[in-house]
Amino acid sequence: MGKFIVLEGLEGSGKTTVALYIVKILKSYGIKNVILTREPGSTPISEIFRTLIKYGKDGDQDPITSYAELLMFYAARVQLLENVIKPSLLKGIWIVGDRYDFSSYAYQGGGRRIDKYFIKNLSRVVLNNFRPDITFYLDISPKIGLSRIENKRKLDHIEKESMDFFNRVRLSYQALASENLNVVTIDASQTLNQVNSDVQYYIKKLLKI
Ligand SMILES: Nc1ncnc2c1ncn2[C@@H]1O[C@H](COP(=O)(O)OP(=O)(O)O)[C@@H](O)[C@H]1O
Ligand SMILES: [Mg+2]
């Protein structure tokens, strides 16, 4: 069986950067069969949901409601889980996931204030409690995180949210990290070298080396 490693955190926390680093060090430890996934996305159907979630369709005429957004995230996630993640793990392939289920608790629960027990139930039914082997939560203040991506050209719906929104997302992430096993909180305001070295420590632990 492969293992499922997930990166979570606010925009600009370094998820994509660290995900690539994890793929690199796994290869250096002899684990060559690794797939990098991103959410929402990483299957043909899930990528369609990604575009819809991020940019909507045809301007302001049909704004995406909070529940439609939540359900599209789960639709995209279950496609990825059943058609890519589970079959790959069974073949011994490792998965490094750029976001997974905690993102919905943090953004749609904390950020959009959808009832967290509703999200929990939805998740339990749709994902059947399938969890990563380890989740790295890259903790950063929205101010620092967003400043790292401020030159990005086209912001999506979520990236345009307010500081209050992102502060609620961060608080939800911090609560999730303290309530759940197999979640490691990394101080993502450190230099990239420090972040990488923290991550490497836990990857070695996972590999028992
Ligand atoms: N620890 C760090 N210190 C400073 N800059 C960083 C750090 N980690 C990532 N970055 C930079 O911040 C930007 C956002 O990183 P990225 O990995 O895309 O974040 P995310 O995927 O979480 O939005 C990139 O330009 C990246 O090079
Ligand atoms: Mg990213």
Side-chain angles (χ1 to χ4, degrees), residues 4-27 34-43 46-55 69 72-73 76-77 79-81 84-85 94-112 132 134-177 180 183-203:
F4 180 26
I5 300 167
V6 168
L7 283 313
E8 289 281 5
L10 288 172
E11 4 293 296
S13 58
K15 296 179 298 298
T16 305
T17 310
V18 173
L20 290 168
Y21 172 73
I22 292 175
V23 173
K24 198 178 94 182
I25 58 171
L26 286 177
K27 292 202 168 155
V34 185
I35 293 177
L36 188 60
T37 62
R38 64 169 186 184
E39 283 210 29
S42 297
T43 86
S46 306
E47 286 291 327
I48 295 173
F49 283 121
R50 180 185 181 88
T51 309
L52 265 176
I53 290 168
K54 285 172 86 73
Y55 305 112
E69 182 187 70
M72 286 195 281
F73 270 114
R77 184 166 304 134
Q79 289 299 116
L80 177 62
L81 179 64
V84 177
I85 296 175
W94 287 49
I95 302 282
V96 179
D98 191 333
R99 295 195 182 279
Y100 184 62
D101 206 30
F102 282 176
S103 286
S104 294
Y105 290 78
Y107 286 78
Q108 279 65 51
R112 302 240 188 269
I134 186 169
T135 298
F136 291 100
Y137 164 52
L138 305 180
D139 184 56
I140 200 155
S141 74
K143 201 165 164 251
I144 302 177
L146 294 171
S147 77
R148 288 182 185 165
I149 59 159
E150 70 190 355
N151 294 325
K152 220 176 122 177
R153 262 171 296 139
K154 192 179 174 196
L155 295 182
D156 65 38
H157 286 148
I158 290 177
E159 289 162 346
K160 287 182 198 156
E161 282 293 341
S162 66
M163 273 295 166
D164 275 0
F165 177 92
F166 290 115
N167 280 315
R168 291 199 299 276
V169 174
R170 186 188 194 193
L171 285 174
S172 301
Y173 265 137
Q174 289 172 335
L176 285 162
N180 285 277
V183 182
V184 174
T185 299
I186 305 282
D187 176 0
S189 68
Q190 304 177 100
T191 65
L192 188 53
N193 273 339
Q194 284 169 314
V195 169
N196 283 346
S197 118
D198 288 1
V199 167
Q200 185 177 27
Y201 170 84
Y202 290 100
I203 295 288

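Only heavy atoms go into these numbers, but all of them, side chains included; no hydrogens, no water, no symmetry mates. Remember, it's 1-based here, ligands and their atoms both numbered in the order they're listed. All residue numbers in this chain count up from 1 along the given sequence. Only a predicted model underlies this, so the values are computations on that prediction, with no experimental measurement involved.
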Do Arg99 and Glu11 sit within salt-bridge range, that is, some charged N less than 4.0 Å from a carboxylate O? yes
Sorted by chain and number, sequence neighbours left out, salt bridge (charged side-chain N to carboxylate O under 4.0 Å, His left out) with Arg168 holds for none
Should Arg38 and Glu47 count as an ion pair when the cut-off is N to O under 4.0 Å? yes
Ring geometry between Tyr107 and Phe165 (parallel below 30°, tilted from 30 to 60°, perpendicular above 60°): tilted
Report all N/O contacts between ligand 1 and the protein shorter than 3.5 Å as a table of atom names and distances to 0.1 Å; if there are none, say 'none'.
residue: ligand 1; atom: 1 (N); partner: Gln190; partner atom: O; Å: 2.9
residue: ligand 1; atom: 1 (N); partner: Leu192; partner atom: N; Å: 3.3
residue: ligand 1; atom: 3 (N); partner: Arg148; partner atom: NH2; Å: 3.3
residue: ligand 1; atom: 17 (O); partner: Thr16; partner atom: N; Å: 3.4
residue: ligand 1; atom: 17 (O); partner: Thr17; partner atom: N; Å: 2.9
residue: ligand 1; atom: 17 (O); partner: Thr17; partner atom: OG1; Å: 2.5
residue: ligand 1; atom: 19 (O); partner: Gly14; partner atom: N; Å: 3.1
residue: ligand 1; atom: 21 (O); partner: Thr16; partner atom: N; Å: 3.0
residue: ligand 1; atom: 21 (O); partner: Thr16; partner atom: OG1; Å: 2.8
residue: ligand 1; atom: 22 (O); partner: Ser13; partner atom: N; Å: 3.4
residue: ligand 1; atom: 22 (O); partner: Ser13; partner atom: OG; Å: 3.4
residue: ligand 1; atom: 22 (O); partner: Gly14; partner atom: N; Å: 3.0
residue: ligand 1; atom: 22 (O); partner: Lys15; partner atom: N; Å: 2.8
residue: ligand 1; atom: 22 (O); partner: Lys15; partner atom: NZ; Å: 2.7
residue: ligand 1; atom: 23 (O); partner: Gly12; partner atom: N; Å: 2.8

Are Ser103 and Arg77 close enough, and set up right, to give a side chain to side chain donor-acceptor pair (under 3.5 Å), and what steps lead you there? CA-CA 11 Å; Ser103 286; Arg77 184 166 304 134; 5.4 Å; no
Can you tell which of Tyr173, Tyr105, Tyr202, Phe102 makes a ring pair (Phe, Tyr, Trp, His ring centres under 6.0 Å) with Tyr137? Tyr173
Check side chain to side chain contact (heavy atoms under 4.5 Å, CB included) between Lys24 and all other residues, then give those that pass, not counting sequence neighbours. none
Near Tyr55 OH, under 6.0 Å, is it more than 12 heavy atoms from other residues, nucleotides or ligands? yes
Around the Mg ion (ligand 2), number of protein N/O/S atoms which are nearer than 2.8 Å: 1
Flag the pair Glu161 and Arg112 as a salt bridge only when some basic side-chain nitrogen lies within less than 4.0 angstrom of an acidic carboxylate oxygen. yes
